[in-house]
Peer 1: 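Take a look at the following structure, please.
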Amino acid sequence: MSPDLFSPPVSPLVSGLNPEQAAAVTLPAEHALILAGAGSGKTRVLTTRIAWLLQTGQVGPGGVMAVTFTNKAAREMTTRLSAMLPVNVRGMWIGTFHGLCNRLLRAHHQAAALPATFQILDTQDQLSAIKRLCKQHNVDDERFPPKELQWFIAGAKEEGLRARDVPARDEETRRKVELYALYDEQCQREGVVDFGELMLRSYELLRDNDALREHYQRRFRHVLIDEFQDTNKLQYAWLKLFAPPPLEGLGTGTGAVFAVGDDDQSIYAFRGARVGNMADFVREYRVRHQIKLEQNYRSVSNILDAANHLIGHNQRRLGKNLRTDAGAGEPVRVNEAVSDFAEAQWLVEEIKALVREEVPRSEIAVLYRSNAQSRVVETALFNAGLPYRVYGGLRFFERAEIKHALAYLRLIENPRDDTSFLRVVNFPPRGIGARSIEQLQDVARAAGCSLHDAVSAVTGRAGVAIGGFVAKMDVMRERSEGASLKDIIELVLEHSGLIEHYRQEREGQERVENLEELVNAAESFVMQEGFGRDAAALTQSPASQGLDPNAPPLAVPIADPAPDADTGETLSPLAAFLSHAALESGDNQAHAGQDAVQLMTVHAAKGLEFDCVFITGLEEGLFPHENAMSDRDGLEEERRLMYVAITRARKRLYLSHSQTRLLHGQTRYNLKSRFFDELPEHCLKWLTPPQAQGWGGMGSAGWGGHRAMGARSEPQPAWSPGWKAASAPAPEPDRGTAIKAGMAVFHNKFGEGKVLAVEGAGDDARAQVSFNRHGTKWLALSVAKLTPIE
DNA sequence: CAAAACGAATTTTTT
DNA sequence: ATTCGTTTTG
């Protein structure tokens, strides 16, 4: 089993790798599972594997397929690969699941029963399509909230289930299934596909089309998958069609699957990911090569010890322990704060100290379990004048003004796209009201055609107004013919009236800038994708085919004339750009580039690393989250999440929790997270919070003082959020007997307890008190006698 | 048609 | 609290 037997004597590619990495890279062309721990050089192994396969002549670029989850990961792989080898990366299928599905469906749109110009619905579009459908079928949105239906449909597709395949035991499910079927019909009619459909449709395409499937099975000698622990049922089934396991009836089964993953970093079960796919893969593919990458190149051993010890508390693991050659490093610092404000203030002081030690701000990350927690931290950082950047939130292509512009562009491509039609038929406002639109929808429904095609049949004023819109669209479509992408977009921005509309809007300046940015985005897209010189791009494909001894020209007659067509090369620039916009929603971090402290959820931090990491809000109910604490699987996923958080840190790790926290407008009292008990004492250093003096007193006073000094007079930096009045507890005039959250109180009957929250005022005021012996109760302050105690 | 007012929801998220 | 979406109101 020594991989050295198979590898060529000296390959410079392999020389810098540790033995396990080198072994993984040089495995023979057989199925393999690489268990890659955090910081173990996973991406490096993946890319070097591809480079090694190509360099040793085992496969040509056309015979490689590499699948990732995010565009970022796909880009990184492509970039690193082309840095390693002078290879034509375009000949390879490297991309996200959805990107590759799109490519496949574009190339075989006919076989997949899709129009050549099919458009992709993102989550927003999907929801509005569902809402529209529900309205049309008079669905009671109390009983069937559109969001729930969306979840139901997306969930079913991720399981690989069509409406007819979903088991419906009760009446409610039957109705949902019915709506699922109607939704799919609507999408088909309109020529649009949602994200789940991209996967499911291409899965079915290959499953049902023997010639096509066998063609791709012959072509892809090596199929590599990143983050395998995050695959859902359908994605695994999809992979199996490209490279079937032995004895699985569906093909010749000769492509080798190289799966890389880490069960300890599986944090997406809530959206359908199945860690179990790893074990299934080993069994079904009779995997003989399993390699663990346990050498960690990221963190000092105190941090790694903490991570290993914590994750050791999970029952269901494949088993892995990270090790490092780095020294112990600093201990993991633990802080307990009185309030979330005090926690944020502590954070600021520590960050300032780090910055004084010349740690770049961008090497400092503040992680939290849920987005709601970012606010306090933001306010504190803002008041301290520390630049920061929040990940998450609206991405470029999700902004309303951009979606509007894209809707016009999509209508140029595909007039049947009713979702886009409805989005912009009256935007900017052009006097087409709800009644006119309903009239149009009635006609379209009766005729079974798209809104666009129904226009001519609408009479009266409504007909004229909407007719004007359609005529406008037709003009734009005509003028776009043969124009460059840039010209098309500028034409649309002008002709639609979008730019004009936002120019006149008071707060529209930023939106106008974004629209102008859209033109830039399109231009750089054209550059990157090598459009503009279509001829040059086209010559690449045959050339790369020629280099590939394992991908012979098609011998089997296939309905589609160009089964290998790379969509990027045959699609019009506009069509390609629209796909790009739907599949890659752009940066979700505000204002990149500046040296700023990084704020994000733990989920968003996966795959990133920083010198210094703060994990905040480590409290029972928050982290682990209350919704996940009930069952073991949920709790284990929370623990993996904590594991991911810890392993983001290279040199310094800070953990903090707070006794009280303002959440949903009320103060909650939280116990410290059980995860603290699962960390080894020897690598921790408990800090005594300087401001911890009693309940809330100094915490808010110190905070208030800071605020009073006021960053308000300072110029508002570009990176800052809009200023919101700090929600710090106002130093209320002391009424002596006032019961406040966090207080320790005494009750004649229930004894001692702590006030969790206070609601209402005057005679209606109630307090939630957690009694030491009698549980948690709500008490009306006008009735119950609560005495504050020391 | 737009602004104001009300009400419900509020773990994590990529494509 | 606060945000977001729907309904009501001018």
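Per chain, numbering begins at 1; letters A, B, ... match sequence-line order.
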Peer 1: Please confirm whether the backbone N or O of A:S339 pairs with a side-chain atom of A:S658, one donor and one acceptor, at under 3.5 Å?
Peer 2: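 Looks like yes, one N/O pair under 3.5 Å.
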Peer 1: Could you tell me how far apart A:Q126 (CD) and B:dT15 (P) are, to the nearest whole angstrom?
Peer 2: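 Those two atoms, CD and P, are 16 Å apart.
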Peer 1: Think A:R271 has a side-chain N or O under 4.0 angstrom from the OP1 or OP2 of B:dT15?
Peer 2: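 Result: no.
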Peer 1: Taking NZ from A:K147 and P from B:dT11, how many angstroms apart are they, rounded to a whole number?
Peer 2: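 In whole Å, B:dT11 P and A:K147 NZ are 12 Å from each other.
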Peer 1: OP1, OP2 of B:dT15 versus side-chain N and O of A:N102: anything below 4.0 Å?
Peer 2: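 So the side chain of A:N102 is outside the cut-off, no N or O lying under 4.0 Å from OP1 or OP2 of B:dT15.
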Peer 1: Looking only at N and O atoms, is any donor in the side chain of A:T123 or the base of B:dT15 less than 3.5 Å from an acceptor on the other one?
Peer 2: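 It does, because a donor-acceptor pair links the side chain of A:T123 to the base of B:dT15 below 3.5 Å.
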Peer 1: Verify the contact: side-chain N or O of A:N232 to OP1 or OP2 of B:dT15, cut-off strictly under 4.0 Å; return yes or no.
Peer 2: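 For B:dT15, OP1/OP2 do not have a side-chain N/O of A:N232 under 4.0 Å.
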Peer 1: Measuring to OP1 and OP2 of C:dT6, would you say a side-chain N or O of A:K135 lies under 4.0 angstrom away?
Peer 2: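 No, A:K135 has no side-chain N/O under 4.0 Å of OP1/OP2 on C:dT6.
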Peer 1: For A:M199 and B:dT14, what is the distance between atoms CE and C1' respectively, to the nearest whole Å?
Peer 2: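 That distance rounds to 13 Å.
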Peer 1: Using heavy atoms to find the nearest nucleotide of DNA chain B for A:H603 and A:I432 separately, return the residue whose nucleotide is more 5′.
Peer 2: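 Result of the comparison: A:I432.
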Peer 1: I'd like to know if A:R395 and A:D122 make a salt bridge, using a cut-off of under 4.0 Å between side-chain N and carboxylate O.
Peer 2: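 Result for this pair is no, no salt bridge flagged.
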Peer 1: Output yes if the stacking criterion (under 5.5 Å between centres, under 30° between planes) is met for A:F270 over the base of B:dT12, else no.
Peer 2: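 Stacking between A:F270 and B:dT12: present.
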Peer 1: Does A:N371 place a side-chain N or O at less than 4.0 Å from the phosphate oxygens OP1/OP2 of B:dT11?
Peer 2: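 Negative; the distance criterion is not met.
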Peer 1: Which is true for A:G431 with a 4.0 Å heavy-atom rule: it touches a base, it touches only sugar-phosphate, or it touches nothing?
Peer 2: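 Sugar-phosphate only.
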Peer 1: Stepwise, does the side chain to side chain contact (heavy atoms under 4.5 Å, CB included) test hold for A:H313 with A:R639?
Peer 2: CA-CA 8 Å; A:H313 287 79; A:R639 195 175 282 115; 3.5 Å; yes
Peer 1: Send over the distance from A:E142 CD to C:dT7 C1', rounded to a whole Å.
Peer 2: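 Rounding to the nearest Å, CD of A:E142 and C1' of C:dT7 are 13 Å apart.
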Peer 1: Would you mind reading off the distance between A:Q150 atom CD and B:dT15 atom P, rounded to a whole angstrom?
Peer 2: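 From A:Q150 CD to B:dT15 P: 16 Å.
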Peer 1: From the options B:dT13, C:dT3, B:dT10, select the nucleotide whose nearest atom is closest to the side chain of A:Y268.
Peer 2: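 It is B:dT13.
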Peer 1: Check whether the ring centres of A:F69 and A:Y268 lie less than 6.0 Å apart, and answer yes or no.
Peer 2: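 Not under 6.0 Å, so no.
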Peer 1: Sticking with atom C1', work out how far C:dT3 lies from B:dT14, rounded to a whole angstrom.
Peer 2: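 Looking at atom C1' only, C:dT3 and B:dT14 are 23 Å apart.
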Peer 1: Looking across every strand, which nucleic acid part, if any, lies under 4.0 Å from A:K157 by heavy atom: base, sugar-phosphate, or nothing?
Peer 2: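 No contact at all - A:K157 keeps every heavy atom at 4.0 Å or more from the nucleic acid.
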Peer 1: Can you tell me how far C1' of C:dA1 sits from CZ of A:R668, to the nearest Å?
Peer 2: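 To the nearest whole Å, that distance equals 14 Å.
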Peer 1: Starting at the 5' end of DNA chain B and moving along, which residue's nearest nucleotide shows up first, A:P429 or A:N71?
Peer 2: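 It is A:P429, whose closest nucleotide lies nearer the 5' terminus.
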Peer 1: Which atom names give the shortest non-hydrogen contact between A:R674 and A:P624, and what distance separates them?
Peer 2: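 Minimum heavy-atom contact is NE-CG, 3.8 Å.
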Peer 1: Atom OH of A:Y391 to atom P of B:dT11: distance rounded to whole Å?
Peer 2: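 Distance check: A:Y391 OH to B:dT11 P gives 24 Å.
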Peer 1: Closest to the A:K131 side chain: C:dT6, B:dT15, C:dA1?
Peer 2: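 That would be C:dT6.
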Peer 1: Distance under 6.0 Å and angle within 45° of the ring axis: does A:R106 meet both against A:F118?
Peer 2: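 The answer is yes, since A:R106 meets both limits relative to A:F118.
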Peer 1: Do the side chains of A:D141 and A:K147 get close enough for a salt bridge, i.e. N-O under 4.0 angstrom?
Peer 2: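 No, no charged N to carboxylate O under 4.0 Å.
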Peer 1: Could you tell me how far apart A:E398 (CD) and B:dT13 (C1') are, to the nearest whole angstrom?
Peer 2: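 That distance rounds to 10 Å.
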Peer 1: Should we count NZ of A:K403 as having more than 12 external heavy atoms under 6.0 Å?
Peer 2: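 Result for NZ/A:K403: enclosed.
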Peer 1: Against the six-membered ring of A:Y643, is A:R640 placed for a cation-pi contact (under 6.0 Å from the centre, within 45° of the normal)?
Peer 2: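 No - A:R640 does not lie over the ring of A:Y643 by the 6.0 Å and 45° rule.
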Peer 1: Tell me which nucleotide among B:dC1, B:dT15, B:dT12 gets nearest to the side chain of A:S370.
Peer 2: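 Of all the options, the side chain of A:S370 is nearest to B:dT12.
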Peer 1: Where along residues 623-642 of chain A does a heavy atom fall under 4.0 Å from DNA chain B?
Peer 2: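 Nucleic-acid contacts, sorted: A:H625, A:N627.
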Peer 1: A:T601 has a side chain; which of C:dT3, B:dT13, B:dT15 sits nearest to it?
Peer 2: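 That would be B:dT13.
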Peer 1: Apply side chain to side chain contact (heavy atoms under 4.5 Å, CB included) to the pair A:H501 and A:F427, showing each step before the final yes or no.
Peer 2: CA-CA 9 Å; A:H501 173 83; A:F427 195 94; 3.6 Å; yes
Peer 1: OP1, OP2 of B:dT13 versus side-chain N and O of A:R395: anything below 4.0 Å?
Peer 2: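 Looking at the OP1 and OP2 atoms of B:dT13, neither is under 4.0 Å from any side-chain N or O of A:R395.
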Peer 1: Both atom distances under 3.5 Å, Watson-Crick or G-U wobble: I'd like the secondary structure of DNA chain B as a dot-bracket string, with | for pairs made across strands.
Peer 2: ||||||||||.....
Peer 1: In a check of side chain to side chain contact (heavy atoms under 4.5 Å, CB included) between A:V193 and each of A:L200, A:L121, A:L114, which one passes?
Peer 2: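 It is A:L114, the one option of A:L200, A:L121, A:L114 that forms the side chain to side chain contact (heavy atoms under 4.5 Å, CB included) with A:V193.
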